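Down below is the structure, laid out as structure tokens.
From a predicted model like this one, the values you see are computed outputs, not experimental measurements. As a basis for the values below, the full set of heavy atoms in this structure was taken, side chains included, without hydrogen atoms, waters or symmetry mates.
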Amino acid sequence: MRTRVARLYGARDLRVEEQEVGRPGPGEVLLAMAAGGICGSDLHYYQDGGFGPVRVREPIISGHEASGHVVEAGAGVDLAPGTLVAISPSQPCGDCDYCRKGLPIHCLDMHFIGSAMRLPHEQGMFRDLFVVPARQVHAFPEGVSAAEAACAEPLAVCLHAVAQATELRPDLSALRVMVTGAGPIGLLVLAALCHQGARDVIVTDLTDAALERARAMGAGTTINVARDAAALEPLQDGKGQVDVIFDCSAAGPALRTAFAAIRPRGLIVQVGVTGDVTIPLNALVGKEITWRGSQRFHQEFAEAVRLIGSRAIDVRPIISHSLPLDRAREAFDLAGDRSIACKVQLTFAGEDA
């Protein structure tokens with residue numbers, strides 16, 4: 001069989017090509033891919049040829065947040081043709097020190113679909129047909145769209161981030177919470193916070209379009225820091241007025257604001273990533289701030305599927321654009337324009353399955 005793929009050769013060198021795809025073996029499933037979201041890392045691969053030390057060193061099919069329909073199940077797999085599934089891109093080894101300690105997120109031999117961290121690169125899901133181990137797919141009930149299902153991976157990231165906070169601050173409903181950056185991850189962190197019981201969450205961003213989506217996702221207060229930075233000043237009174245902050249922007253000014261607005265002994269959860277930034281070390285020490293990182297997910301992927309499947313969390317407001325695979329370059333260019341785009345998805349042959 002032949003399948004179309006979106007293959008990246010270097011910065012802005014994205015080509016839609018064809019290649020062979022095999023039949024599923026034992027424990028595998030053949031999927032007709034339906035929808036795939038363009039993530040920030042995918043965008044960095046396209047715009048810059050990588051991010052930080054991770055570089056595109058050979059042609060790569062990117063894409064790690066996607067959904068598809070079952071076409072054929074291999075031996076030992078009980079999945080009916082047509083079933084809509086999301087694919088978890090994480091493949092921890094299960095045998096290293098961290099896996100044995102119950103920390104598969106920190107696996108020393110992690111495989112991650114659509115990642116350029118390894119060489120050879122891990123090929124991704126921006127393609128019409130894909131064979132994947134059945135243990136990595138999670139089925140949805142009827143009535144869920146392929147576009148919604150493709151949001152399971154970013155929602156899992158955000159559920160894990162919120163879990164970093166509730167491990168230390170179990171009752172978010174009694175706390176003042178802020179999210180900096182209202183891109184797809186910031187908005188899904190907001191949705192996860194609201195689901196967890198947080199009230200009147202403050203969301204900051206540079207654009208009105210992003211903040212309008214934040215209000216649709218449940219934000220109580222929104223602040224356009226590009227136009228009204230003075231609105232942040234009351235949050236900095238008395239050594240800070242915010243108990244928990246999720247930084248989803250990784251921008252230097254947003255981080256400085258977070259350290260100014262957080263209360264003494266408050267908690268900052270770092271979700272956004274970037275290169276080296278200047279840290280307000282005096283504030284970190286002087287206010288005894290807990291600054292905790294959060295990356296990826298494990299058991300949260302199944303939870304994300306459940307929450308999307310029941311619409312306990314509605315991800316539809318973040319999906320701003322859907323373009324077919326043959327317009328992949330246009331989709332990536334659009335995803336880079338935050339003034340109009342939020343979550344841009346590619347659609348594939350399995351969309352109508």
Side-chain angles (χ1 to χ4, degrees), residues 40 51-53 98 103 105-106 157-183 185-194 196-207 210-211 214 218-297:
F51 55 94
Y98 289 106
L103 295 170
I105 286 174
H106 299 290
V157 170
C158 300
L159 293 173
H160 182 70
V162 172
Q164 302 307 294
T166 55
E167 183 178 311
L168 302 175
R169 308 287 193 276
D171 185 9
L172 294 176
S173 67
L175 303 178
R176 176 175 272 184
V177 182
M178 184 164 79
V179 177
T180 63
I185 292 297
L187 292 174
L188 290 176
V189 165
L190 167 65
L193 285 167
C194 293
Q196 196 66 35
R199 300 177 182 176
D200 193 26
V201 179
I202 303 162
V203 179
T204 68
D205 199 87
L206 299 171
T207 70
L211 294 174
T221 303
T222 58
I223 301 172
N224 185 321
V225 293
R227 187 181 62 246
D228 189 18
L232 293 169
E233 293 175 3
L235 298 176
Q236 301 170 12
D237 290 343
K239 289 194 174 183
Q241 297 293 313
V242 184
D243 299 288
V244 181
I245 296 177
F246 293 81
D247 177 54
C248 301
S249 70
L255 275 171
R256 288 191 290 275
T257 295
F259 276 89
I262 199 75
R263 295 183 190 273
R265 297 202 172 183
L267 169 65
I268 299 174
V269 179
Q270 189 63 45
V271 190
V273 294
T274 185
D276 294 338
V277 295
T278 301
I279 304 305
L281 195 59
N282 288 346
L284 179 69
V285 172
K287 292 204 281 186
E288 299 184 323
I289 296 165
T290 299
W291 189 19
R292 186 168 190 173
S294 181
Q295 72 147 355
R296 291 201 298 262
F297 50 83

Taking every non-hydrogen atom, the tightest pair across [X] and [Y]:
X      : Y      : value
Arg296 : Ile105 : NH2-O, 2.9 Å
Arg199 : Ser173 : CD-O, 3.9 Å
Val179 : Cys248 : CG1-SG, 4.0 Å
Ala210 : Leu187 : O-CD2, 4.2 Å
Ala165 : Val269 : CB-CG2, 4.1 Å

Check your understanding: What residues, two or more places apart in sequence or in another chain, satisfy side-chain hydrogen bond (donor to acceptor under 3.5 Å, both in side chains) together with Asn282?
Key -> none
Exercise for review: Taking atom types as modelled, find out whether Ser249 and Asp247 have a side-chain donor-acceptor pair closer than 3.5 angstrom.
Suggested key: yes
Point to revise | Test item: Asp205 side-chain N/O and Ala182 main-chain N/O as donor-acceptor pair under 3.5 Å | key: yes
Exercise for review: Say whether, by atom type as modelled, one donor and one acceptor occur between the side chain of Asp243 and the main chain of Arg176 under 3.5 angstrom.
Suggested key: yes
Practice item. Please check if atom CZ in Phe51 has more than 12 non-hydrogen atoms from other residues, nucleotides or ligands closer than 6.0 Å. Key: yes
Review point. Is the count of non-hydrogen atoms from other residues, nucleotides or ligands lying under 6.0 Å from Arg292 atom CZ greater than 12?
Key: yes
Practice item. Apply the test side chain to side chain contact (heavy atoms under 4.5 Å, CB included) to residues Arg263 and Gln241: give CA-CA distance (whole Å), side-chain angles for both, the deciding distance (0.1 Å), then the verdict. Key: CA-CA 5 Å; Arg263 295 183 190 273; Gln241 297 293 313; 4.0 Å; yes
With rounding to the nearest 0.5 angstrom, report the [atom1] to [atom2] distance, [X] to [Y].
X      : Y      : atom1 : atom2 : result
Arg256 : Gln236 : CZ    : CD    : 11.5 Å
Lys287 : Ile268 : NZ    : CD1   : 7.5 Å
Leu206 : Asn224 : CG    : CG    : 7.0 Å
Gln196 : Leu159 : CD    : CG    : 9.0 Å
Glu288 : Ile262 : CD    : CD1   : 13.5 Å
Leu175 : Thr166 : CG    : OG1   : 11.0 Å

Pairwise side-chain contact, [X] with [Y], heavy-atom cut-off 4.5 Å (strictly under):
X      : Y      : result
Phe246 : Val162 : yes
Leu190 : Cys194 : yes
Val271 : Cys158 : no
Leu255 : Gln270 : yes
Val189 : Ile185 : yes

**Study point:** Sequence neighbours excluded - ring-ring contact (aromatic ring centres under 6.0 Å, His included) pairs with any residue from residues 266-294
**Key:** Phe259-Trp291
Check your understanding: Looking at Ile223, Thr180, Val177, which hits side chain to side chain contact (heavy atoms under 4.5 Å, CB included) with Ile202?
Key -> Ile223
